[in-house]
Amino acid sequence: MISAIRLWRDTGTVNPRDRLRPVSRRNPVEALAQQVTERVVDLLVNALDINELAARIDLNALLGRVDINTVLKNVDLNALLDQVDMNAVLARVDLEPVLDRVDVNDLVSRIDMDALVERTDLGAVIARSSGGMATEALDAVRSQAVGLDQFVDRWVQRLLRRKHPAPSAPRALLPARAEP
Amino acid sequence: MTARPALVSYQGNYAGSVSRLAAYAIDLAVSTGVFSLGLAAVSYGVHVVTGHDVSWNRSNTIVAVLFVAWQFVYFGYSWAVSGRTFGMAGLGIRVVRADGLSLKPRQGVIRALVFPLSFLLLGLGFLGILVQREHRALHDLIAGSAVIYAWDARAARLRFLARQAEVAPADTPAARRPALGSHS
């Protein structure tokens with residue numbers, strides 16, 4: 001309690017006892033009463049076991065009575081953020097371990113490239129950079145050929161009654177293709 | 001962005017019979033065309049120098065030998081140097097070693113030399129392309145080679161979608177039509 005009073009003194013915050021002092025200057029009886037009270041309070045505080053007191057407090061019940069939304073409404077986040085030096089914060093962050101834990105391949109595999117091309121200007125960029133009638137014709141011919149390849153292959157597999165699927169690619173090309 | 005299965009790319013897969021046949025047809029047409037142009041050039045040169053007209057006949061032994069030799073050069077050189085002929089480049093396929101690594105020049109030459117064997121056995125040598133698990137013909141088995149798709153279907157699909165996005169505004173039925181390279 002004494003240290004708390006010192007803190008009030010040092011920080012310039014209001015000491016509840018200050019309210020009594022102006023009165024005591026006017027009336028000697030009140031001054032005496034004030035001194036007695038202060039002494040009693042000091043003795044009482046010294047006798048208290050703060051740790052035991054704190055252990056008895058049900059913090060959950062206490063926090064349950066706090067309306068966090070109201071508290072947050074009163075907080076001016078903009079003012080708070082204005083005081084934060086983001087550059088200094090970012091300078092303290094070591095991104096290397098974070099990036100090491102990010103699976104970039106998994107991240108890329110989650111990107112829906114079809115939707116990306118359809119909904120962004122990326123499609124126009126690709127079309128302009130790789131367009132041309134020849135490319136378009138080649139893509140069409142190759143795609144048709146692959147479709148026919150697979151059609152023929154399916155029928156051959158069916159006729160041969162193969163139960164186990166054949167390898168799709170040579171051994172050396174399989175690991176690279178397995179990566180997303 | 002949504003999670004979805006990885007898009008299929010045919011790059012590296014064993015090439016099928018139709019692609020290989022189409023590539024061979026293109027190669028045959030190109031090599032025959034170039035050979036004919038060569039003969040025409042020789043005829044013109046002889047005419048300019050000597051004043052005599054030279055006519056080439058298919059039954060002429062020299063022409064037949066030259067044609068076969070030219071075929072060896074055309075296919076052998078292409079396979080030895082890049083693993084693909086003109087027709088194969090067009091169809092997006094490539095010859096590699098059986099394990100998938102780049103073909104050695106020696107293997108390319110051997111493949112060209114044994115290639116006629118597949119014809120000489122009444123075409124049975126090509127049956128492997130259909131029934132063999134790795135789609136390898138007789139000349140592939142002898143040369144230790146395989147033929148794979150060397151084009152990126154995923155890139156082709158993106159190009160198709162890009163063209164669609166340019167033609168039709170986003171979120172219209174036209175923009176959601178099935179695209180190239182979407183075979184499953």
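No hydrogens, no waters, no symmetry mates; every other heavy atom, side chains included, goes into these values. Since the structure is predicted, the reported quantities are computational estimates derived from the model, not experimental observations. Throughout, a chain's letter reflects where its sequence line sits, starting with A, and its residues are numbered from 1.
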Chemist: Are the side chains of T70(A) and N74(A) in contact, using a 4.5 Å heavy-atom criterion?
Modeler: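 In short, these two side chains touch, coming nearer than 4.5 Å.
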Chemist: Looking only at heavy atoms, which two atoms of A146(B) and Y14(B) are closest? And how far apart?
Modeler: CB-CE2, 3.9 Å
Chemist: Considering non-hydrogen atoms only, spot the tightest contact between Y149(B) and G16(B) and give its length.
Modeler: OH-N, 3.3 Å
Chemist: Tell me whether F119(B) at atom CZ has more than 12 heavy atoms from other residues, nucleotides or ligands lying less than 6.0 Å away.
Modeler: yes
Chemist: Hydrophobic cluster membership, with links at side-chain heavy-atom distances under 4.5 Å among I/L/V/M/F/W/Y: are V34(B) and I62(B) in one?
Modeler: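 Yes: a chain of side-chain contacts under 4.5 Å links V34(B) to I62(B).
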Chemist: Would W151(B) and V146(A) satisfy side-chain contact (heavy atoms from CB on, under 4.5 Å), going step by step from the backbone distance to the final call?
Modeler: CA-CA 11 Å; W151(B) 69 292; V146(A) 171; 3.5 Å; yes
Chemist: Could you give the distance from NZ (K73(A)) to CG (D67(A)), rounded to the nearest 0.5 Å?
Modeler: 7.5 Å
Chemist: Using modelled atom types only, decide if a donor and an acceptor are shared between the side chain of T50(B) and the backbone of H47(B) within a distance under 3.5 Å.
Modeler: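 Such a contact is absent between T50(B) side chain and H47(B) backbone.
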Chemist: Suppose a student defines contact as a heavy atom less than 4.5 Å from any heavy atom of chain A. Which residues in residues 71-93 of chain B would they list?
Modeler: A89(B), G90(B), L91(B), G92(B)
Chemist: If you check every heavy atom in residues 133-143 of chain B against those of chain A, which residues fall under 4.5 Å?
Modeler: R133(B), E134(B), H135(B)
Chemist: Under the salt bridge (Lys or Arg N to Asp or Glu O under 4.0 Å) test, which residues partner R39(A), sequence neighbours left out?
Modeler: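 So R39(A) forms no salt bridge (Lys or Arg N to Asp or Glu O under 4.0 Å) with any residue.
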Chemist: Using heavy atoms and a sub-4.5 Å threshold, report which of residues 98-113 of chain B line up against chain A, by residue number.
Modeler: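 From residues 98-113 of chain B, the residues near chain A are A98(B), D99(B), G100(B), L101(B).
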Chemist: Provide the closest heavy-atom pair for S17(B) versus V152(A) in the form atom of the first, atom of the second, distance.
Modeler: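 Minimum heavy-atom separation between S17(B) and V152(A): OG-CG1, 3.6 Å.
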Chemist: Let me confirm one number: the CZ-CD distance from R154(A) to Q157(A), rounded to the nearest 0.5 Å.
Modeler: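 R154(A) atom CZ to Q157(A) atom CD measures 11.0 Å (nearest 0.5 Å).
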Chemist: For a ring-ring contact (aromatic ring centres under 6.0 Å, His included) check, start with the C-alpha distance between F115(B) and Y24(B), then their side-chain angles and the critical distance, and finish with the verdict.
Modeler: CA-CA 12 Å; F115(B) 186 69; Y24(B) 179 68; 5.6 Å; yes
Chemist: Any chance you could lay out the side-chain contact (heavy atoms from CB on, under 4.5 Å) test for F126(B) and L21(B), step after step, and finish with the verdict?
Modeler: CA-CA 10 Å; F126(B) 293 108; L21(B) 182 66; over 6 Å; no
